[in-house]
Amino acid sequence: MNFKKQFKEGLLTKNPVTVQLLGMCSTLAITTSLFNGLGMGAAVTIILICSNVLISALRKVIPSQIRIAAYITIIAGFVTVVDLFLQAFIPDLAESLGVFIPLIVVNCIVLGRAEAFASKNGVLASAVDGLCQGIGYTVALTIVCVIRELLGSGTFGGGLLNGGEGIRLIPAEYPAMQMVMPVGGFLVLGFVIAGSQWLMQHLEKKNKKKEAAK
Amino acid sequence: MEAILGIIIAALLSQNFILVKFYGICPFMGVSKKIDTALGMGMAVTFVMALASAACWVVNEFLLVPLNLGYMQTVAFILVIASIVQVVEMFLKKAVPALYKALGVFLPLITTNCAVLGVVLVNVQEGYNFLISVINGAAGGLGFTLAIVLFASIRARVDKANPPECFQGFPIALITAGLLALAFMGFSGLSIF
Amino acid sequence: MANQTSRKKESTVKYVLRLTFTLLLITSVVAAALAAVNAVTEPIIKQLNEQKTQQAIETVLPGGYSETIENFDDQNGLVTKVYKGANGYAMEVRPAGFDGEIVMMVGVDFEGKVLGISVVSHTETAGLGAVAAAKTEAGNAFRGQFTGKSGEILVNKDGGDIDAITGATITSRAVCVGVSAAVACAVSLG
């Protein structure tokens with residue numbers, strides 16, 4: 001078991017959003033406040049862990065011809081459970097994320113990890129993979145959320161802090177509200193991915209220099 | 001009639017599935033490198049979306065609602081969509097090999113296209129009747145086609161440009177999509193009839 | 001790999017049956033699990049929704065309501081429920097917002113003046129249209145403008161005197177349309 005490696009992969013080098021480019025729909029659509037980002041991240045992480053564990057446990061029982069159908073059914077089951085629980089216990093979040101909760105079913109991250117990892121690895125490793133990928137997704141989502149919320153609404157922690165209003169950092173008349181519109185989603189995600197690519201290129205160069213020095 | 005026109009215009013322009021509502025971003029980014037493949041994907045998605053809207057409306061109205069199984073919606077719909085995609089693929093392969101050759105590679109990808117599941121869920125949420133659901137599905141698919149073809153044609157040029165190293169590939173494509181979305185924002189006033 | 005070797009041993013019919021059976025089994029287990037979860041959550045969700053409606057009525061109609069009116073005249077087709085109390089009506093209206101419909105409760109007194117409005121549920125853009133529903137200063141200020149208004153209510157861009165939410169003219173307009181419909185309906189009820 002290599003928890004540290006899996007964690008680093010999930011967070012940076014194989015981050016589901018910035019590197020694998022999975023789950024774009026939700027990343028762009030709901031990242032307008034910190035509350036949304038953390039909520040969506042948590043929901044996806046829980047579903048990822050559960051479906052990874054179950055699919056990994058059943059990997060020898062499910063015939064390969066019908067595996068995709070079986071995976072989708074299992075994932076849809078977990079998604080519905082999370083959806084119902086959110087509606088019952090965190091209705092504000094359920095309302096704010098709306099149709100994007102049931103749409104986690106077709107979020108390629110969950111199916112992608114089921115196919116690429118859980119169907120080939122043991123239960124524990126799959127659980128860890130679900131957790132790491134989920135955290136990577138949440139972190140990327142949160143970064144996009146914070147930037148969009150700051151530029152678009154001028155606040156931090158909307159829906160969560162300061163009685164739902166968020167902490168105002170930019171006076172109400174200045175923010176560019178386009179940033180919380182679709183345009184902002186594309187632009188901010190573009191810059192965030194560029195940033196992570198730059199970071200990785202930078203790290204790579206550093207490593208090469210180190211090796212050369214040796 | 002006015003309502004139908006309103007829905008078509010909303011699905012095509014002011015509430016465009018990709019650029020305003022963010023359904024189906026994965027294929028939008030993945031299959032938009034060439035104009036003709038983008039068009040093929042668009043047509044396949046339109047076809048499946050209309051068909052799925054019809055089938056899921058029937059399933060919902062005659063199976064889920066009478067049996068009080070509203071909570072099974074997501075599971076039932078995704079299974080219906082997956083089967084439709086499978087059946088369409090087999091049918092095209094046998095009956096219209098030429099069309100299969102053109103669309104075949106895109107079909108398996110459509111199951112996980114959230115535009116399809118999205119439109120079906122929205123149809124049920126808004127309580128659309130059978131006709132309106134199918135129209136909404138087809139128009140949504142055409143909106144998808146419009147966006148992806150436009151994007152592919154812009155991207156063909158952007159790919160020849162020379163952005164900073166860290167912007168190469170996906171980031172610059174996203175920023176291009178952002179500018180396209182900005183243009184589509186201009187249609188937003190059309191949503192009120 | 002194991003599947004491929006077993007496929008050679010089994011006849012095709014048996015194999016297909018096995019596939020069908022496995023898929024059926026998975027689907028039924030999922031369905032059973034969902035039924036169990038739904039049994040737990042359904043009453044809670046129902047209660048929450050009822051509570052929301054009750055709260056909305058209490059906010060917009062001081063003194064609450066004593067009866068629901070089934071027969072009402074609504075030319076716009078937006079009013080879905082009417083509650084009558086000692087001080088006026090609480091009307092549930094569903095105008096089309098920027099993205100999907102907005103479910104609102106509007107309180108109107110017997111003279112056709114707005115007592116207050118409250119948004120029950122919506123799917124507007126967070127930070128923009130969603131302000132109309134938010135329990136924040138900006139949200140309260142926007143909704144407060146409607147109190148005391150009568151007749152047809154418009155945003156100031158359309159010649160009325162309601163200040164639209166910044167960047168969310170369509171949502172603001174939708175709210176005005178909903179409130180106007182409620183007022184018109186209340187006037188017709190007397």
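In what follows, chains are A, B, ... by sequence order, proteins preceding strands, each numbered from 1.
Relative ring orientation between A/H202 and A/W198 is described as parallel, the plane-to-plane angle staying below 30° on a 0-90° scale split at 30° and 60°. Below 30°, between 30° and 60°, or above 60°: for A/F186 and B/F28 the angle between ring planes is between 30° and 60°, a tilted geometry. Using the six-membered ring where Trp is involved, A/F100 and B/Y23 have ring planes that are tilted, between 30° and 60° apart.
Of the atoms belonging to B/A177, heavy atoms from both backbone and side chain fall under 4.5 Å from chain A. Only the side chain of A/L111 comes within contact range of chain B, with heavy atoms under 4.5 Å apart. At a 4.5 Å heavy-atom cutoff, B/M72 makes no contact with chain A through either its backbone or its side chain. Contacts of B/Q86 with chain A are absent, with no heavy-atom separation under 4.5 Å from either backbone or side chain. For B/T111, the parts sitting under 4.5 Å from any heavy atom of chain A are the backbone and the side chain alike. Contact of B/L79 with chain A is made through the side chain alone, with heavy-atom distances under 4.5 Å.
For CZ of B/F170, the number of neighbouring non-hydrogen atoms (other residues, nucleotides, ligands) closer than 6.0 Å is greater than 12.
Chosen from A/L28, A/L187, A/T18, the residue pairing most often with chain B at heavy-atom distances under 4.5 Å is A/L28.
Ring-centre distance between B/Y100 and B/F91: not below the 6.0 Å cut-off.
In this structure, the side chain of B/Q15 does not engage the main chain of B/K21 through any donor-acceptor pair within 3.5 Å. Here the side chain of A/N121 pairs no donor or acceptor atom with the backbone of A/S126 at under 3.5 angstrom.
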Show your reasoning for whether side chain to side chain contact (heavy atoms under 4.5 Å, CB included) applies to A/T138 and A/V44.
-> CA-CA 8 Å; A/T138 311; A/V44 169; over 6 Å; no

Side chain to side chain contact (heavy atoms under 4.5 Å, CB included) between B/I18 and B/I25, intermediate numbers included = CA-CA 6 Å; B/I18 292 184; B/I25 298 291; 4.0 Å; yes

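Near-neighbour residues of residues 74-92 of chain A relative to chain B, defined by a heavy atom under 4.5 Å from a heavy atom of that chain, comprise A/A76, A/G77, A/T80, A/L84.
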